[in-house]
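Note sheet for the following structure.
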Amino acid sequence: MLRHSTTLWSNGNSALVPALGALPAIVRCSSASSGGKGCQRGVFSKVRREFGGSFRMSSSMQAARAGEQSVVVENLYNKLISIVSNGELMARLCGCAILEQAFQKSEGPLLKVLQGQSHPLGVSEAETGTNFAIFSQNATAVTLCLSLPESGTNSTLEEGMVELSLDSQINKTGDIWHICVEGLPRSNVLYGYRVDGPRDWREGHRFDYKNVLLDPYAKLVEGRRVFGDASNKMSKCFGTYDFDGLPFEWGENYELPNIHEKDLVLYEMNVRAFTADDSSGLDPHIRGSYLGMIEKIPHLLELGVNAVELLPVFEFDEMELQRRPNAREHLCWKFHVVDVEALYLGFLLVTFEQWAKRVLSILLVKGLHVLPEKLTSAALSVMVCKINTWGYSTINFFAPMSRYASNGGGPINASQEFKQMVKAFHDAGIEIILDVVYNHTNEADDEHPYTTSFRGIDNKVYYMMDFQQNAQLLNFSGCGNTLNCNHPVVMELILDSLRHWVTEYHVDGFRFDLASVLCRGTDGSPLSAPPLIRVFVTTICPDRSTERPLCEKPKYRAIAKDSVLSRCKIIAEPWDCGGLYLVGKFPNWDRWAEWNGIYRDDIRKFIKGDPGMKGSFATRISGSADLYRVNKRKPYHGINFVIAHDGFTLYDLVSYNYKHNDANGEGGNDGSNDNFSWNCGFEGETEDPNIQALRARQMKNFQVALMISQGTPMMLMGDEYGHTRSGNNNSYGHDNALNNFQWGRLKDKKGNHFRFFSEMIKFRRSRHIFARENFIDKNEVTWHEDNWENYESKFLAFTLHEDNGGHIYVAFNAHDYFVEACIPSPPQGRQWFRVVDTNLESPNDIIPEGAPGIKETYNLAPYSCIVLEAKP
């Protein structure tokens with residue numbers, strides 16, 4: 001009996017693939033056959049070639065789908081059955097040695113393919129089955145590829161996938177391709193798409209039907225399970241879903257922290273690096289994971305921060321620098337220590353093996369990820385490879401990084417554990433802000449393409465291109481491509497992604513990497529009012545995507561005005577690699593905060609003793625009113641920082657005049673040359689106690705400046721104990737001690753360096769005077785200065801006034817000699833107490849309750865600062 005529904009069965013390594021539009025076709029290949037799992041791939045296109053014709057549905061076939069009998073269809077069907085029953089012909093067509101059975105219903109689940117619906121994008125549950133929807137304006141063919149839970153492992157997925165071709169007349173609405181599959185399992189199904197279209201490079205197209213592509217709207221992504229697993233570095237990423245899982249239990253008394261921006265103290269950190277090191281003392285199964293973060297919440301509370309800014313946690317491929325055949329050689333290279341015996345002569349008291357291990361350990365200390373390849377008395381060969389541990393190379397904008405799950409748990413566990421982390425942090429009163437990368441993706445450039453998703457789905461829509469230069473990708477990100485952020489479809493993708501992280505994962509805000517890219521038009525030109533930032537008129541019509549607004553009145557759905565995002569902190573890194581520097585000029589609409597790069601530079605210059613910086617230093621610590629006192633902006637819209645993930649650590653800032661990036665393998669060409677650092681008299685490590693003391697003093701000076709400044713302070717993970725990267729200011733490719741938090745060093749510094757940093761944070765948070773709602777006016781500060789124009793002056797003193805008399809006096813001496821400061825009279829009924837003197841040894845360097853006995857003058861040591869508080 002002829003069946004007119006499109007039906008598919010799957011069982012074990014068999015896959016019964018629909019063909020001929022509405023006609024079922026059943027093919028099963030022997031698992032013993034070398035080509036068994038490839039039998040179903042492309043078989044029907046080969047059958048068509050044997051017939052010398054096409055099996056595209058005719059009108060009579062469409063009538064048959066509606067339930068009408070058709071002799072034409074019956075004859076065509078019989079011809080097909082006759083062919084697939086011929087095992088020899090099938091072997092010739094698809095390379096299978098044996099065709100076990102034809103047209104035999106298996107014991108697997110019955111699947112029925114339906115038209116589907118265009119929204120929501122991604123995979124969703126529908127009344128009739130599992131719906132798949134994907135946007136591609138320029139595609140001419142789309143195939144859904146499925147791997148059922150029993151169909152194989154990740155390494156063989158692409159060969160064993162069931163492929164369902166979408167009919168553009170049936171499975172397409174406007175520019176949305178869609179299909180519904182009834183009978184699919186409700187979890188652990190992996191899926192992707194093959195997409196074909198025009199091949200005209202000059203028109204911006206990069207279609208390649210060979211690739212199975214990741215759905216941009218996949219909410220979970222399956223790939224390798226273990227971070228940095230070189231043995232599985234060629235694994236592909238597929239979308240997946242879990243409709244079986246129970247809703248996450250946030251708890252009856254669960255509340256968002258809702259900390260006001262003026263009260264935030266941010267801590268920039270990397271999820272993996274925080275607990276990956278053995279010194280964390282955690283179970284190896286949770287090191288470097290979301291659950292590992294939970295275990296270390298007590299440290300963050302002891303430090304005093306109340307918000308963490310996580311380096312990227314969207315799914316990324318940490319092995320991308322090693323897996324591409326055309327990867328740049330400097331990302332993974334060999335070096336050989338030849339004539340080892342000659343070098344070994346200086347180590348006669350140890351065996352060669354001991355000497356070789358010592359060499360390897362030295363390389364590790366210098367940040368080299370080393371894999372011994374050859375170890376003999378004649379030569380030592382070492383492979384040096386880079387692993388992208390920072391994560392600024394997004395694969396998907398909806399899925400949490402799956403390899404941050406504990407014990408290789410995969411994407412479903414990653415999602416649950418991410419929520420556990422958020423809940424635990426919120427219960428501790430700590431907010432979570434995500435560093436998000438919407439300026440580029442992992443797909444690289446046209447010279448070294450790494451096609452995983454957007455490029456193959458619709459390159460012309462998703463990326464900015466220069467059509468005057470053969471549609472080459474524009475590169476304002478420095479990473480080879482630039483996301484076309486203000487294209488209506490891409491805008492909607494970004495907004496949907498942000499809303500997803502707020503509603504599904506309860507995050508508290510976002511820091512936008514290279515946010516100036518978000519202010520560029522589709523041709524790369526700067527926009528004064530970029531739609532994505534402020535106002536976005538809905539432009540996706542029911543019949544096709546268009547840039548024409550649906551209504552005359554704008555609908556405020558962009559980031560600054562979106563109702564779902566209204567509770568979130570939104571922070572811009574207001575520059576990009578194309579020179580669009582927008583510090584103080586980012587189109588903010590009184591909502592956006594900014595990383596204040598000018599603050600960083602001016603504070604560094606003054607503290608290290610550069611002349612002519614006193615006025616700029618005063619402007620920065622009083623809230624950068626020259627940048628942010630516009631319209632309704634507030635001091636807290638400036639994110640003050642001295643150190644961030646890219647650049648020197650605080651310890652290295654006071655220990656190196658120059659970057660030392662040899663371990664990166666780029667010949668010193670990477671990383672910034674403008675660090676405004678000072679090594680305090682010696683480059684790198686030294687045993688000189690005077691230099692060590694000066695460095696310790698300078699680090700404390702920076703912490704004081706940061707914590708007494710108006711605006712929102714941000715510090716970097718590890719600076720609380722003086723983490724060093726040995727002068728490397730671009731350590732993104734090192735999954736080792738160069739980036740990993742060193743808990744042993746923290747223990748060593750708990751009583752002095754850490755104590756000072758922690759107490760300074762708590763002092764700020766307990767004094768409203770440092771976190772004002774509005775900019776300081778002339779009645780709220782007294783500058784003890786009549787020498788502003790003196791270029792050589794490096795001393796600054798001022799008093800912050802509080803209505804209740806709780807005044808704070810602060811003085812910085814960046815000279816290389818003592819300065820005697822005249823201390824103003826305290827308010828009536830009060831006296832000055834010394835809270836901070838960075839020249840003193842711990843614990844006298846900071847006394848939160850204050851030490852009395854302040855006289856009319858105070859002798860400030862070179863490169864030091866003091867903080868006094870007026871108390872009864």
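What you see is a predicted model, and the numbers here were worked out from it, not measured in a lab. Numbers here are sequence positions counted from 1.
Counting all heavy atoms, side chain and backbone alike, R499 lies closest to L565 at N-CD2, 4.1 Å. When every heavy atom of Y191 is checked against every heavy atom of T240, the shortest pair comes out as CE2-N, 3.7 Å. Taking each heavy atom of E443 and G456 in turn, the nearest pair found is OE2-N, 4.4 Å. The two residues S731 and W390 come nearest to each other via the heavy atoms OG-CZ2, 3.5 Å. Nearest heavy-atom pair, S415 versus P400, reported as atom, atom and distance to 0.1 Å: CA-CG, 3.9 Å.
The shortest side-chain heavy-atom distance between Q322 and I387 falls under the 4.5 Å cut-off. H440 places none of its side-chain heavy atoms less than 4.5 Å from the side chain of V517.
The aromatic ring centroids of F512 and W595 lie 6.0 Å or more from each other. Ring centroid separation for the pair F741 and Y721 comes in under the 6.0 Å cut-off. Aromatic pair W501/F314: ring centres closer than 6.0 Å. H500 and Y505 have their aromatic ring centers within a separation under 6.0 angstrom.
Residue H734 forms a side chain to side chain donor-acceptor pair (under 3.5 Å) with just one option from N388, N664, N739, N740, and that option is N664.
Salt bridge absent: R186 and D242 never bring a charged side-chain N and a carboxylate O closer than 4.0 Å. Contact check on E504 versus K419 returns a salt bridge, with a Lys/Arg side-chain nitrogen under 4.0 Å from an Asp/Glu carboxylate oxygen. A salt bridge is absent between R455 and D208: the closest approach of a Lys/Arg side-chain nitrogen to an acidic carboxylate oxygen does not fall below 4.0 angstrom. Salt-bridge annotation for D229 and R224: absent, with no side-chain N of the basic residue lying under 4.0 Å from a carboxylate O of the acidic one.
Ring geometry for F274 against H299 counts as tilted: the plane angle lies between 30° and 60°, on a 0 to 90° scale. The aromatic rings of Y254 and W250 are tilted relative to each other, their planes meeting at an angle between 30° and 60°. The aromatic rings of Y392 and H645 sit parallel, their planes meeting at an angle under 30°, below the 60° perpendicular limit.
Atom CD of E594 sits about 12.0 Å away from atom OG1 of T712, to the nearest 0.5 Å. The CD1 atom of I134 sits 5.0 Å away from atom CG of D215, with the distance rounded to the nearest 0.5 Å. To the nearest 0.5 angstrom, S453 atom OG is 9.0 Å from F397 atom CZ.
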Kindly determine whether M401 and F227 satisfy side-chain contact (heavy atoms from CB on, under 4.5 Å), including the steps that lead there.
-> CA-CA 10 Å; M401 177 58 173; F227 192 93; 4.0 Å; yes
Give the intermediate values and the outcome of side-chain contact (heavy atoms from CB on, under 4.5 Å) for residues F586 and I533.
-> CA-CA 10 Å; F586 192 84; I533 300 300; 3.9 Å; yes
R745 and E720: CA distance, side-chain angles, deciding distance, salt bridge (charged side-chain N to carboxylate O under 4.0 Å, His left out) verdict | CA-CA 10 Å; R745 186 169 173 83; E720 67 266 39; over 6 Å; no
Any chance you could lay out the side-chain contact (heavy atoms from CB on, under 4.5 Å) test for V502 and F510, step after step, and finish with the verdict?
-> CA-CA 10 Å; V502 173; F510 306 92; 3.7 Å; yes
Start with the C-alpha gap between Y438 and L493, add the side-chain angles, then the distance that decides, and say whether side-chain contact (heavy atoms from CB on, under 4.5 Å) holds.
-> CA-CA 10 Å; Y438 292 110; L493 170 78; over 6 Å; no
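When atom types are taken as modelled, the side chain of N484 and the backbone of V461 share a donor-acceptor pair closer than 3.5 angstrom. Between the D446 side chain and the L473 main chain, a donor and an acceptor come within less than 3.5 Å of each other.
Legend: residues meeting side-chain hydrogen bond (donor to acceptor under 3.5 Å, both in side chains) with S402, ordered by chain and number and at least two apart, are E315.
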